[in-house]
*Asks:* 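My questions will all concern the structure given below.
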There are 2 protein chains.
Amino acid sequence: MIDDNRHRILNAAARIYAQHGWRGATTRRIADEAGVNEVTLFRHFGSKESLLDQMMQVCAAARANGPTLPLVPENPQDELFEWSSAQHALITGMRSIVRQMISEAEERPRVGGCAADGPAAAAGELRDYMVRLRRAGIIADHVPPVEATAAATMLMGALFADAMNRDLMTTMFPQSVDESLRAYVRIFLRGVGALPEQVADDSRSATRSTTLTSVSE
Amino acid sequence: MIDDNRHRILNAAARIYAQHGWRGATTRRIADEAGVNEVTLFRHFGSKESLLDQMMQVCAAARANGPTLPLVPENPQDELFEWSSAQHALITGMRSIVRQMISEAEERPRVGGCAADGPAAAAGELRDYMVRLRRAGIIADHVPPVEATAAATMLMGALFADAMNRDLMTTMFPQSVDESLRAYVRIFLRGVGALPEQVADDSRSATRSTTLTSVSE
DNA sequence: TGCATATGCAAGCACATACTTGCTCCGCAA
DNA sequence: TTGCGGAGCAAGTATGTGCTTGCATATGCA
């Protein structure tokens, strides 16, 4: 309500930046998108750089609360699927802006750092969950911990690549998001040495909860 | 030799575009990088758009010959590792330019199409190899074909994400490229139902060939 | 009523960028 | 020697872009 224009400008800046990148996000375009005179933009933020900096901070803060995995694992397959689903939805929601940040990370290191810690936190969460799985006896002991780390990176990488590329390389993703994520999780669990009875080939369970497309919270 | 400047300009354009993107790749910068007067750039290519278009075509042609997987699988683990290694090196070598292309794919669809078919071909190669694995009895029958497709996408996604993000998000990749790729392949094989004796936990084999960092051919 | 703050509008400035024009110089082949 | 094509150089044009200034208007608070 108060300082409404400030938020309008920040939101407009996020949209324009996601579409056109740093150089393409001109102050005129941002002001137009916000429905605001270009001058008020400078009166509020002083410079384009300062505006985009603040926009990134807001963006990073908004993304802070990612999904979590349960402290005591019970049904790893379902738990991991829901977590992956939320993670995937999160990345998909910011894919445009993330693409821009990544492409500009070499030129503007500050931008890159902003985009990096989200996935890093997620991978950490996954690794922690996996030691819980091992302690609970769900994951066999013969898989070395180094491989568990790599497995976490691998699943995160697959989720990341899926969310980033699915809309661009349509031929590479013939299956629906749900089907793909379910398969990723099953392959992950088998690959990491989960005992066979933990990895049900759930044709029923898959169709049962195929209705939910994204988990927002 | 003949038309030397043409190639110099095209190479310079590729380098500058990879660093700064479309908007950042100004004709002045490209001409400077090529050691050539800006005017000769226009005399050769007519416009910036035409120059960058031709640069992308050259780039796509150079990337055409990716690695292949053997027609008759013998040692899936080693074969997949070498293929993954080559694939990873290929993506790593073009990661800057790929990052730019992806970030501009929404704005300039032509650019996106150019970047898409490389990974698509690789995923196809992987899928074909997997049906050979199944026919050879190396992969168990109880894994449905749908999941095999997803597995191929998953491995490709992990390779892609690793190659694209390793230099930016250093904390997410504590292990060396070789260690990671070897682990990805093992997890992939186990996850896809490869019979246990095919997936050796090769502490020796891993250290043995840990010296080669990239397979160029 | 008064005053401060926020906003809009019009204009402008300095610079960068895509692209053009006109000229000169150089090497090479007829 | 003449002519021709490729290249450099200097200058210029039209537009885009970040940012400033000056002035008018509205809104809300004392």
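Proteins come first, then strands; the chains are lettered A, B, ... in the order of their sequence lines, and each starts at number 1. For clarity, every value in this text was computed on a predicted model and none was experimentally measured.
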*Asks:* Can you pull out every side-chain hydrogen bond (donor to acceptor under 3.5 Å, both in side chains) where at least one residue sits in residues 124-133 of chain A? Sequence neighbours excluded, please.
*Replies:*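 Every side-chain hydrogen bond (donor to acceptor under 3.5 Å, both in side chains) pair that includes a residue of residues 124-133 of chain A, provided the two are not neighbours, is A:E79-A:Y129.
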*Asks:* Name all pairs fulfilling the salt bridge (Lys or Arg N to Asp or Glu O under 4.0 Å) condition that reach into residues 85-98 of chain A, sequence neighbours left out, sorted by first residue then second.
*Replies:*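 Qualifying pairs, neighbours excluded: A:R95-A:D167.
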*Asks:* Whole-Å distance between D:dA7 P and B:D4 CG?
*Replies:*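 After rounding, the gap between these two atoms is 9 Å.
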*Asks:* Would you kindly give the CG-to-P distance between A:L41 and C:dA6, to the nearest whole Å?
*Replies:*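 In whole Å, C:dA6 P and A:L41 CG are 15 Å from each other.
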*Asks:* What's the CG-C1' distance between B:D32 and C:dA16, to the nearest Å?
*Replies:*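 My rounded result for the distance is 14 Å.
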*Asks:* Would you please confirm or rule out a distance under 4.0 Å between OP1 or OP2 of C:dT7 and any side-chain N or O of A:N5?
*Replies:*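 The answer is yes; a side-chain N or O of A:N5 sits under 4.0 Å from OP1 or OP2.
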*Asks:* Under the side-chain contact (heavy atoms from CB on, under 4.5 Å) test, which residues partner A:A120, sequence neighbours left out?
*Replies:*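 For A:A120 the side-chain contact (heavy atoms from CB on, under 4.5 Å) partners, ignoring immediate neighbours, are B:T171, B:M172.
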*Asks:* Any salt bridge (Lys or Arg N to Asp or Glu O under 4.0 Å) involving residues 52-73 of chain A? Give me the pairs, sequence neighbours left out, ordered by first then second residue.
*Replies:*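 Of all non-adjacent pairs touching residues 52-73 of chain A, those that pass salt bridge (Lys or Arg N to Asp or Glu O under 4.0 Å) are A:D53-A:R110, A:R63-A:D117.
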*Asks:* Is there side-chain contact between B:M164 and A:F160, with at least one heavy-atom pair below 4.5 Å?
*Replies:*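 A side-chain contact under 4.5 Å is absent here.
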*Asks:* Does C:dT7 have its OP1 or OP2 closer than 4.0 Å to a side-chain nitrogen or oxygen of A:H44?
*Replies:*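 For C:dT7, OP1 or OP2 has a side-chain N or O of A:H44 closer than 4.0 Å.
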*Asks:* For every nucleotide of nucleotides 9-22 of chain D, 5' to 3': is a protein heavy atom under 4.0 Å from its base (B), only from its sugar-phosphate (S), or from neither (-)?
*Replies:* BB------BBBBB-
*Asks:* Figure out the CD1/C1' separation between A:I9 and C:dA6, and round it to whole Å.
*Replies:*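 Answer to the nearest Å: 11 Å.
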*Asks:* Name each donor-acceptor pair under 3.5 Å that joins a side chain in residues 102-109 of chain A to protein atoms two or more places apart or in another chain, with its distance.
*Replies:*
residue, atom, partner, partner atom, Å
A:S103, OG, A:Q100, O, 3.0
A:S103, OG, B:S103, OG, 3.4
A:E104, OE1, A:Y17, OH, 2.7
A:E104, OE2, A:W22, N, 2.9
A:E106, OE2, B:S96, OG, 2.9
A:E106, OE2, B:R99, NH2, 3.2
A:E107, OE1, A:R23, NH2, 2.9
A:E107, OE2, A:R23, NH2, 2.1
A:E107, OE2, B:H20, ND1, 2.9

